Amino acid sequence: MDFRPIARDSHAFQQSVTAAEIEAISRRAFGSRIRVTSAVELAGGMYNNTYRITAEGLERPVILRIA
């Protein structure tokens, strides 16, 4: 998977999730046959983390927002 989180200081309040967590969330939401090919974190949130997910088995990219 092409995983691109936003670089943050290790003491920052907001932290990215891991690639493995994104895969697990995506399988839970879209089914076990989904294979995530890329997860790019989008900037701008103060509390939520937002990712653009591309996956085999999905017709187009989706947005995953994690609170």
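Below, each value reflects all heavy atoms present in this structure, side chains not excepted, and no hydrogens, waters or symmetry copies. Just so it is clear, the model here is predicted, and its values are computed rather than measured.
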Where Met1 and Ala39 come nearest, the two heavy atoms and their spacing: SD-CB, 3.9 Å
Using only atom types and a distance under 3.5 Å, with no angle test, would you say the side chain of Gln15 pairs donor to acceptor with the backbone of Asp9? yes
With the 4.5 Å side-chain cut-off for hydrophobic clustering, are Ile6 and Val40 part of the same group? no
Taking atom CZ of Arg52 as the centre, report whether more than 12 heavy atoms of other residues, nucleotides or ligands fall under 6.0 Å from it. no
Just how far is it from atom OG of Ser16 to atom CD1 of Ile66, taken to the nearest 0.5 Å? 9.0 Å
Distance check, rounded to the nearest 0.5 Å: Ile25 atom CD1 versus Ile53 atom CD1? 8.5 Å
Are any non-hydrogen side-chain atoms of Leu58 and Ile34 less than 4.5 angstrom apart? yes
Kindly indicate, with the supporting measurements, whether the criterion side chain to side chain donor-acceptor pair (under 3.5 Å) is fulfilled by Ser26 and Glu23. CA-CA 5 Å; Ser26 297; Glu23 288 178 353; over 6 Å; no
Do the side chains of Met46 and Gln14 get nearer than 4.5 Å, heavy atoms only? no
Any donor-acceptor pair under 3.5 Å linking the side chain of Tyr51 with the backbone of Val62? no
Tell me whether Glu41 contacts the main-chain N or O of Asn49 through its side chain, where contact means a donor paired with an acceptor under 3.5 Å. no
Test item: Thr50 side-chain N/O and Arg65 main-chain N/O as donor-acceptor pair under 3.5 Å: no
Kindly indicate, with the supporting measurements, whether the criterion side-chain contact (heavy atoms from CB on, under 4.5 Å) is fulfilled by Thr37 and Asp2. CA-CA 6 Å; Thr37 56; Asp2 176 25; over 6 Å; no
